[in-house]
Q: 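Handing you this structure, nothing more for now.
If you're wondering where the values come from, they're calculated on a predicted model, not measured in any experiment. Position 1 is the first residue of the sequence, and the numbers go up from there.
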Amino acid sequence: MASNVNPTVRRRRLGQELRRLRELKGMTAEEVAERLLVSQSKISRLENGRRSISQRDVRDLCGVYEVEDKRIVDSLMEMARDSRQQGWWHTFGDIPYSVYIGLETDAESLRVYEPQIVTGLLQTRSYAEALVRGALPETSAEEIEKRVEVRMRRQERITTERNPLRLWVVLDEAALHRVVGSRLVMREQLEHLIELSELPHVTVQVLPFEVGAHPGINGQYAILEFADAADSSVVYLEGVTSDLYVEKAQDVQKYAVMYEHLRAQSHNVEVSRQFIAKAAKRFAD
């Protein structure tokens, strides 16, 4: 499980505080960049928590913002130290979506819409292996195994008895019919999905084809929420070569409203289980 210090979350909190100090000073990111002789993009990356922040960066920024309270400076410096530590996922080497893993590891709840596949936290090992192999055909066996191991490790957030992740998943009906691996793999996956859906902190709903066009028609997304009030909600959109993190409150709210529509249009929990069980039975024939 996660250590007490999550570097991804520390970077994000530190970036938010640095942005707040800049705005209190009435300065733009461009003005700060000019003062420090760095690029504006560096200031933006520091503030959005997408890169590590050195203690020197913190010291220089506090100087520009004329922060005189030593306690504030010391607190920011400590956050900078924490942000440079490594999370459990770093032991697996270069993981393309490591920022997301850091956020997921610290999240209190997660709402996911998946239009094509069973979401990662609910996948069996066999399904995950077949999925990665099919999605990344030129990937080595070693890399596939690493990605699968990371996915299995992430699932500890929903299987742990201590403070498990509250997970709500809306699956498009297509995910129940797309044969990933083999019919046996699919049957085992759907049976596993039913089993996990019975956990008190896991909710699975199926969005049937008959709904037609719906608010999630543009694709997969996830909404992460955190226990600490200082950590604002994040919408995660997965891409092929890069990912997008939506953090503006009004934008996050739009995705949250979309999700409520998806939940309302989906089968309820019990009917969804029956729907999944029926699909699993077809793969047993």
Q: What is the minimum heavy-atom distance between Ala174 and Pro115, and which atoms define it?
A: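 Closest pair (atom of Ala174, atom of Pro115, distance): CB-O, 3.6 Å.
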Q: Side-chain donor-acceptor pair under 3.5 Å between Arg151 and Gln123, yes or no?
A: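 A pair is found: one side chain offers a donor N or O, the other an acceptor, under 3.5 Å apart.
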Q: Parallel under 30°, tilted from 30 to 60°, perpendicular over 60°: which one fits the rings of Tyr221 and Tyr259?
A: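 Correct class here is perpendicular.
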Q: If we ignore angles and hydrogens, is there a donor and acceptor under 3.5 Å between the side chains of Ser109 and Glu225?
A: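 There is such a pair between these side chains.
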Q: Taking Met27's backbone N and O only, do any of them form a donor-acceptor pair with Arg22's side chain (distance below 3.5 Å, no angle check)?
A: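 Yes, the answer is positive, given that a donor and an acceptor are paired below the 3.5 Å cut-off.
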Q: For Glu104, check salt bridge (Lys or Arg N to Asp or Glu O under 4.0 Å) against everything at least two apart and list the hits.
A: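 Partners of Glu104 by the salt bridge (Lys or Arg N to Asp or Glu O under 4.0 Å) criterion, ordered by chain and then number, come out as Arg154.
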Q: Got Ser272 and Val204 here, is their nearest side-chain heavy-atom distance under 4.5 Å?
A: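 Counting from C-beta outward, Ser272 and Val204 never come under 4.5 Å.
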Q: Test side chain to side chain contact (heavy atoms under 4.5 Å, CB included) on Val170 and Glu114 and set out the steps.
A: CA-CA 6 Å; Val170 172; Glu114 279 285 2; over 6 Å; no
Q: Do Ile53 and Ile72 sit in one hydrophobic cluster, given that two such residues count as connected whenever their side-chain heavy atoms are within less than 4.5 Å of each other, even indirectly?
A: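 Yes, Ile53 connects to Ile72 through the hydrophobic network.
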Q: Checking one residue: Met152. Which other hydrophobic residues are in its cluster under the side-chain 4.5 Å linking rule?
A: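 Its cluster mates, by chain and number, are Val132, Leu136, Ile144, Val148.
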Q: For the residue pair Glu238 and Gln220, establish whether any side-chain heavy-atom pair is separated by less than 4.5 Å.
A: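 Sidechains of Gln220 and Glu238: in contact.
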Q: Given the rule in the side chain to side chain contact (heavy atoms under 4.5 Å, CB included) test, do Val32 and Tyr65 qualify, once you have shown the distances and angles that lead to the verdict?
A: CA-CA 9 Å; Val32 175; Tyr65 303 147; 3.6 Å; yes
Q: Please write out which residues are connected to Val269 in a hydrophobic cluster, directly or through intermediates, given that two of Ile, Leu, Val, Met, Phe, Trp, Tyr count as joined at side-chain heavy-atom separations below 4.5 angstrom.
A: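 Members other than Val269 - counting any ILVMFWY side chain reachable under 4.5 Å - there are none.
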Q: Mark yes when over 12 heavy atoms from residues, nucleotides or ligands other than Gln250 sit less than 6.0 Å from its CD; otherwise mark no.
A: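 For Gln250, atom CD is crowded (more than 12 foreign heavy atoms under 6.0 Å).
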Q: ring-ring contact (aromatic ring centres under 6.0 Å, His included) for His214 and Tyr113? Distances and angles first, verdict last.
A: CA-CA 12 Å; His214 56 78; Tyr113 168 63; 5.7 Å; yes
Q: Tell me whether Val179 shares a hydrophobic cluster with Tyr127, the cluster being built from Ile, Leu, Val, Met, Phe, Trp, Tyr side chains joined at under 4.5 Å.
A: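 Yes; Tyr127 is reachable from Val179 via cluster members.
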Q: Do Leu167 and Leu122 make a side-chain contact, defined as non-hydrogen atoms from C-beta onward lying under 4.5 Å apart?
A: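 Yes, at least one pair of side-chain atoms sits under 4.5 Å.
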Q: Treating Arg19 as the side-chain partner and Glu47 as the backbone partner, does any N or O pair qualify as donor plus acceptor under 3.5 Å?
A: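 Such a contact is found between Arg19 side chain and Glu47 backbone.
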Q: Show your reasoning for whether side chain to side chain contact (heavy atoms under 4.5 Å, CB included) applies to Leu224 and Tyr236.
A: CA-CA 8 Å; Leu224 300 104; Tyr236 170 69; 4.1 Å; yes
Q: Which value, rounded to the nearest 0.5 Å, describes the distance between Leu165 atom CG and Glu156 atom CD?
A: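 Taking CG in Leu165 and CD in Glu156, the distance rounds to 12.5 Å.
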Q: Should Glu173 and His177 be marked as a side-chain hydrogen bond (donor to acceptor under 3.5 Å, both in side chains) after you check the CA-CA gap, both sets of side-chain angles, and the distance that decides it?
A: CA-CA 7 Å; Glu173 184 180 344; His177 299 295; 3.0 Å; yes
Q: Could you pull out the closest heavy-atom pair between Met186 and Ala175, with the gap in Å?
A: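 It is CE-O, 3.9 Å.
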Q: Between Arg71 and Ser75, do the side chains contain an N or O donor and an N or O acceptor separated by less than 3.5 Å?
A: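 Not at all, the side chains of Arg71 and Ser75 share no donor-acceptor pair under 3.5 Å.
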Q: Quick one: does Leu262's side chain get under 4.5 Å of Leu207's, heavy atoms only?
A: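 With C-beta onward as the side chain, the pair touches.
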Q: If I take atom CG from residue Leu61 and atom CD1 from residue Ile43, how far apart are they, to the nearest 0.5 angstrom?
A: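 Answer for the CG-CD1 pair, Leu61 versus Ile43, is 5.5 Å.
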Q: side-chain contact (heavy atoms from CB on, under 4.5 Å) with Leu190: which of Ile276, Thr124, Val185?
A: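 In the set Ile276, Thr124, Val185, the residue that makes a side-chain contact (heavy atoms from CB on, under 4.5 Å) with Leu190 is Ile276.
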Q: Given the rule that I, L, V, M, F, W and Y join up when any side-chain heavy atoms are under 4.5 Å apart, are Ile117 and Phe209 in one cluster?
A: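 No; Phe209 is not reachable from Ile117 via cluster members.
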Q: Hey, could you give me the CG/NE2 distance between Leu110 and His201, rounded to the nearest 0.5 Å?
A: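 NE2 of His201 is found 12.0 Å from CG of Leu110.
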Q: Given the rule that I, L, V, M, F, W and Y join up when any side-chain heavy atoms are under 4.5 Å apart, are Ile194 and Leu199 in one cluster?
A: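 Cluster IDs for Ile194 and Leu199 match.
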Q: Donor-acceptor pair, Glu31 side chain versus Thr28 backbone, under 3.5 Å?
A: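 Judged by distance alone, yes, a pair lies under 3.5 Å.
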Q: CE/Met77 to NZ/Lys70 distance, rounded to the nearest 0.5 angstrom?
A: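 These two atoms lie 9.5 Å from each other.
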Q: For the residue pair Trp168 and Val202, establish whether any side-chain heavy-atom pair is separated by less than 4.5 Å.
A: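 Contact flag for Trp168/Val202 side chains = no.
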Q: Do Ile158 and Pro164 come close enough that some side-chain heavy atom pair is under 4.5 Å?
A: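 Sidechains of Pro164 and Ile158: no contact.
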Q: Salt bridge check, Asp57 against Lys42: does any charged N sit closer than 4.0 Å to a carboxylate O?
A: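 So Lys42 pairs with Asp57 through a salt bridge.
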Q: Will you find, in the side chains of His192 and Glu188, an N or O donor that is under 3.5 Å from an N or O acceptor?
A: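 Note: His192 and Glu188 side chains miss the donor-acceptor criterion.
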Q: Give a yes or no on whether the backbone of Ile101 and the side-chain of Thr105 come within a donor-acceptor separation of less than 3.5 Å.
A: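 Yes: the side chain of Thr105 pairs with the backbone of Ile101.
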Q: Tell me the closest heavy-atom pair linking Asp106 and Phe226, and the distance in Å.
A: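 Heavy atoms only, the tightest pair is O-CD2, 3.7 Å.
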Q: Check this for me: does any side-chain nitrogen of one of Arg273 and Glu270 sit under 4.0 Å from a carboxylate oxygen of the other?
A: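 Looking at Glu270 together with Arg273, the answer is yes, because their closest N to O distance falls below 4.0 Å.
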Q: Rounded to the nearest 0.5 Å, what separates atom SG in Cys62 from atom CG in Asp74?
A: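 Answer rounded to 0.5 Å: 9.5 Å.
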Q: What pair of heavy atoms forms the shortest contact from Val252 to Val246, and how long is it?
A: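 Taking every non-hydrogen atom into account, CG2-O, 3.5 Å.
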Q: Taking 4.0 angstrom as the limit, do Arg125 and Glu145 come out as a salt bridge?
A: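 Counted as a salt bridge, because a side-chain N and a carboxylate O are separated by less than 4.0 Å.
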Q: Can you tell me how far the CZ atom of Arg187 sits from the CZ atom of Arg183, to the nearest 0.5 Å?
A: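 Answer for the CZ-CZ pair, Arg187 versus Arg183, is 10.0 Å.
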Q: State plainly whether one hydrophobic cluster holds both Val64 and Val38, where clusters connect Ile, Leu, Val, Met, Phe, Trp and Tyr through side-chain heavy atoms under 4.5 angstrom apart.
A: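 Shared cluster, yes.
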Q: Where the side chain of Gln205 meets the backbone of His267, is there a donor-acceptor pair that is under 3.5 Å apart?
A: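 It does hold such a pair.
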Q: Please test Arg166 against Arg157 for side chain to side chain contact (heavy atoms under 4.5 Å, CB included), starting from the C-alpha separation and ending with a verdict.
A: CA-CA 9 Å; Arg166 288 190 288 108; Arg157 281 303 321 275; over 6 Å; no
Q: Would you say Glu142 has more than 12 foreign heavy atoms packed within less than 6.0 Å of its CD?
A: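 For Glu142, atom CD is not crowded (no more than 12 foreign heavy atoms under 6.0 Å).
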Q: Are any of the side-chain heavy atoms of Pro215 and Gln265 separated by less than 4.5 Å?
A: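 SC-SC contact between Pro215 and Gln265 confirmed.
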Q: Hey, is Lys146 close enough to Glu149 for a salt bridge, meaning N to O under 4.0 Å?
A: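 Salt bridge absent between Lys146 and Glu149.
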Q: Contact between Leu76 and Leu21 at the side-chain level, heavy atoms closer than 4.5 Å - yes or no?
A: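 Counting from C-beta outward, Leu76 and Leu21 do come under 4.5 Å.
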